[in-house]
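Each remark here refers to the structure printed beneath this line.
Whatever order the structure lists ligands and atoms in, that order sets their numbers, starting from 1. We use all heavy atoms of the structure for the numbers below, so side chains are in, but hydrogens, waters and symmetry mates are not. Here the structure is a predicted model, which is why all the values come from computation and not from measurement.
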Amino acid sequence: MLHGLKHLHNSGDVESTLNTLNVLDELLSAGTDRRIHYMISKGGSEALLTALVNNARTFSPNYNILLPLLHLLAKVGHRDRRIGMKAEEAGAVLVTLNLLKHNIRHARRVAACLWVIQVFSSSVSTANLIGENYGLDKKAKNDAHSNDLSFLSIFHCPFISLTEANVWSIVSKGYISGLLKLYEDWHSKDTHHVAIAIRHALLCCLHNATQTTAGRQALISQGGIQLLYQTTQTCLLSKSLECLVESTVQLMRKCLPKTPLPLTSDKSAYTFPLPGRPHAVPDSSVDNDAEEDEDNQEANSTDYDDDLETDLNKLCLRPDLDRPKELLQQYSRLCPELSHDFQTVLLTPSIHPSIHPSIFYPQTSLSPATSSSSSRGTPRRSQATEEGYHRTTIDRLLERHGACIPHHVPKLYRAAAAKTKSIPGFSILAFPDFWGHLPPPGHEPMAPRKPNTQRQKVFEDVQRFLNTDDIINLLVFDLENSSVQCRSDSLRFFSKFECGNLRKAIQVRRCEYDLILNADVNCSQHTQWFYFEVSNMVAGIPYRFNVINCEKSNSQFNYGMQPVLYSVREALDGRPRWVRTGTEICYYRNYFCPAQGRRKTTFYTLSFTITFKHNEDVCYLAYHYPYTYSALKAHLKVLQKSVDPAKVFFQQQILCGTLAGNSCPLVTITACPASKGWKDLHQLRNRPCIVLTSRVHPGESNASWVMKGTLEFLCSSDLVAQSLREAFVFKIIPMLNPDGVINGTNRCDVNSEDLNRQWCKPDPVLSPTIYHTKGFLYYLNSIGRTPLVFCDYHGHSRKKNVFLYGCSIKETLWQSGSAIDTVGLKEDPGYRTIPKTLDRIAPAFSFNSCNYLVEKSRSATARVVVWREMGVLRSYTMESTYNGCDQGIYKGLQIGTRELQEMGVKFCHSLLSVTKDTKLLYSRRLINHIDLDHNILDHKSHNCFEDDEPPCVEEIEYFTDFPTVKYTDLDSDVNSNMASPDEEEEINEGHSPAKCQQDCINDSIMKGNLFPPHIRQASIDGFSEKRNTCNGVSIANGQITS
Ligand SMILES: [Zn+2]
């Protein structure tokens, strides 16, 4: 390929240039996008541009070369973010415009030129250049109010990315009202739907003209939304009008006026004073720039493979200790198994309160938010009487209805929660956490998505704007103001409990509520996680909920995932469980913006409908199965009691205190020595360490359920667990971010930092859990006990299945196309053993989703730092889906806590594959389902930047719809254009240029060649079909006559 590129630069020989182009095209068509990106990184775009300029500037350009060259450039340039700039530098923009002008009557050449121009205009300055040189003014001269066919000259609009300057000229010339009027005329006159293509083209023009605020405002002030809404309603029944409906829906979404969230501040309702800083840190994310059009920003994200670390020094060298060596000795206390004499049976956990003398737990009184549905609706009593009241009610209820849930003891939970310190001082327990959860029998399939779900939601959003009188707009819940009164017939909300997240609820219509989530503590972003209580419902009525300030650009909610619901009534009836629920689920970009600052931020709506089963039930809704800090504490206590201390060494210690004064537990699990003899003690003290951590990101509650599975398994009497305890010492930190979890944050700790980006140099005061985890790992290193395996459990919101990220120098260099010779590099392929094993034994696991690339952007994560600084070969991030699986026996099913816990068990099983201790394998029959194949290295790696989902059926983003063309669309168009022969014959010499253009366009209506790809198939088919059935109808001169 590189050879071919060099050749393109130099060659003057037609035949060999053609050959080179052919070879390149074949190479690129056969491979994945990766090949094209590789070619781009090697100067492919520049080579093609140079070739284009050289060939086009000759006296009589050879189109046998130019045409394939243009096609290839369209394909490659489409994936090159800097193509506009490169084209300008190479002088290719004007050359292509010239080619376009000279070939206006060659449909194929025009199409090829237009694609390339479209690709170039991805850059603002290039688009301006095109706008200047392609004479927008020429089009503006046409009187848009007339029904003369001349308006068709603006057909080019879809191809030219209209920048602010270009659009200004259009808006100021009254184009929008003209276009709207034209659209309305065509809509009312085209009763036989023979001119769908024209109607669609008008919408495309409107799309382009509304790329800026001025354009959108013009459309609104001209009554455009109303017009588009009404015309669309009459189009809904006809399938052939689908493309018009889709286009108008996108147009309306885009033009709805930006509405600030109804908040006085975007900052979290929870603030936490940080040590050394009297006031909460200013939120660095807030920018007070004047409003700018987000759509005019040039793409600033880095190129595809640019993020891969290719600096061999950074990949190989171990940096110096990040602290004085003397500080490591303090961690010796975290290896009690090394100093324990095993003469006496370990009965009580030795917690070291001296480590954190300032931990002080105030007497918080806690009582469940709900004991029974009847307790709701009354004003909350004073804490003392309420506690007394609930204690007895709850105890009675527990006696009568309490379920037997393994490893869950409600009273232990209550006791643990009493010690948990939260910023707002929670005094209420959420019922599900207290009462417990048993996974439902059977599996829960992913929810099928009904066609046009999003469209229907958008129509309702538009109606809010058109019929403001129908909107209730009543605040029914405010986290910061408990005196909010709601109507007797409205739902009631509550979220002031551990892990809770709901800031405001606003009743929009009788059965529809907008929900606003609370940003992470001390910060104004990262909203995604939610967990709240809802009550006062009427059974059988569908309620629509819209979470209107989600931040992620896509979500598994668009691919079959449902939120989870817990019903108190059901729990008391013996079904204490979170269930996947909700219909009409969709996730799409909305028209809200932050209340202040950050104008460029866009929000997404997660919308779902729930029909409650019982009247006046109390229910809880959450993003995913909640798992609180108090649950972990209670759970560890139960585990401690469950093991036989003569056999299992289980010790819970405090790694450190957190900023908010909670403790971060560290658990040691291993087998007690077989005897007190020297030999057995020696074996114990030489067992390799396995270090597991979890829940650094509070919104990833799935990680905690996987960890729960791991912990329970390692404490169990299962024979494999027994073998593992005999082979290894497990050091487990099950919750790296207790404060974040407790206060319902999604991503950060209370210092508003993502703790998994602090590993390079963690601050001992601001990120204590990371600082001490790293210190502990350094300590293990210093005493020659470097962990054999390190794994940090996470949740992944955009992919299905469970998978691992690891680290490999060779794969990273290989993937990045680095020039460094990897042949001489020695790398132990052992990092693949665990994922390979998991692929065989864990149903939810997908080897194909794993990768081992070291990215610069992840250089401060646990996985990369533990690999690089501690030299742990098997250092992983385990990502578990929130949704479900698309392979294996769970294909098509959503994941539940049972499957998550199973994953935690299977991860333990896979550890058998990394031990060389043959004694461990004495009971081979136990583990013969695990193929201990160490000989596995192939170069099949997957890119973690890719979303594993195909594009959503309905556009989540409204800006991506027009005029951007999807890769695949453009590719297939380019391919079909390449396949047909170039028509050399000129048509109708001697026309005026304008007439030529029209002819060309009229011609292309029949061929479908010149149409923007998104208009093409459906409408053209519809068009020609209708032509046959409606004899005598013509659209000459823009008028429909029959
Ligand atoms: Zn994470």
Side-chain angles (χ1 to χ4, degrees), residues 307 499 501 520-521 523 525-531 550-556 561 622-627 629 632 664 691-708 710 732-760 762 767 769-770 773-774 790-807 844-846 849-851 853-855 857-867 875-883 895 900 903-904 907 944-945 947-948:
D307 194 28
C499 289
N501 192 322
D520 282 5
V521 177
C523 154
Q525 1 175 13
H526 305 298
T527 45
Q528 202 79 13
W529 166 261
F530 59 86
Y531 180 19
C550 298
E551 284 180 23
K552 294 216 168 178
S553 59
N554 197 355
S555 165
Q556 282 290 326
M561 175 164 123
Y623 183 76
H624 195 72
Y625 306 95
Y627 189 95
Y629 171 73
L632 172 71
C664 177
V691 177
L692 306 175
T693 58
S694 172
R695 204 72 186 278
V696 70
H697 293 141
E700 295 167 3
S701 60
N702 35 6
S704 278
W705 289 97
V706 177
M707 185 54 89
K708 183 172 189 270
T710 294
I732 299 178
I733 304 164
M735 201 171 273
L736 281 169
N737 190 352
D739 293 345
V741 169
I742 293 164
N743 295 293
T745 70
N746 181 60
R747 185 80 183 172
C748 298
D749 192 2
V750 291
N751 64 6
S752 75
E753 297 284 356
D754 180 341
L755 289 183
N756 203 30
R757 295 291 183 277
Q758 311 299 315
W759 280 77
C760 280
S767 309
T769 59
I770 305 304
T773 305
K774 193 177 174 189
F790 171 83
C791 187
D792 190 20
Y793 294 6
H794 284 251
H796 202 293
S797 69
R798 306 217 289 172
K799 291 189 176 190
K800 297 194 172 71
N801 311 312
V802 180
F803 48 94
L804 290 178
Y805 290 142
C807 302
F845 193 84
S846 161
S849 305
C850 299
N851 86 50
L853 306 178
V854 182
E855 301 112 290
S857 60
R858 314 279 161 98
S859 62
T861 61
R863 157 181 65 107
V864 176
V865 169
V866 172
W867 169 74
S875 176
Y876 305 103
T877 303
M878 178 152 70
E879 299 278 3
S880 298
T881 179
Y882 288 89
N883 182 3
I895 207 153
L900 290 167
M903 192 58 230
F907 183 82
C944 57
F945 311 114
D947 227 332
D948 68 343

_Check: F803 ring centre within less than 6.0 Å of H796 ring centre_ =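 Yes, ring centres under 6.0 Å apart.
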
*Examine Y623 together with Y882 and report whether their ring centres are nearer than 6.0 Å.*
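Yes, ring centres under 6.0 Å apart.
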
*Give me the one residue out of D754, N746, T745, N737 that meets side chain to side chain donor-acceptor pair (under 3.5 Å) with H697.*
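Answer after filtering D754, N746, T745, N737: D754.
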
*Under 3.5 Å side-chain donor-acceptor pair for K799 and S849*: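 On atom types as modelled, these side chains do not qualify, holding no pair under 3.5 Å.
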
*Gap between atom CG of N756 and atom NE2 of H794 - 0.5 Å precision*: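 Interatomic distance, H794 NE2 to N756 CG, rounded to 0.5 Å: 4.0 Å.
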
*asked:* Within this structure, what is the CZ-OG distance for the pair R757 and S857, rounded to the nearest 0.5 Å?
replied: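 Reported to 0.5 Å precision, the distance equals 6.5 Å.
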
*Mind counting the protein N, O or S atoms sitting less than 2.8 Å from the Zn ion (ligand 1)?*
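Those protein atoms number 4 in total.
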
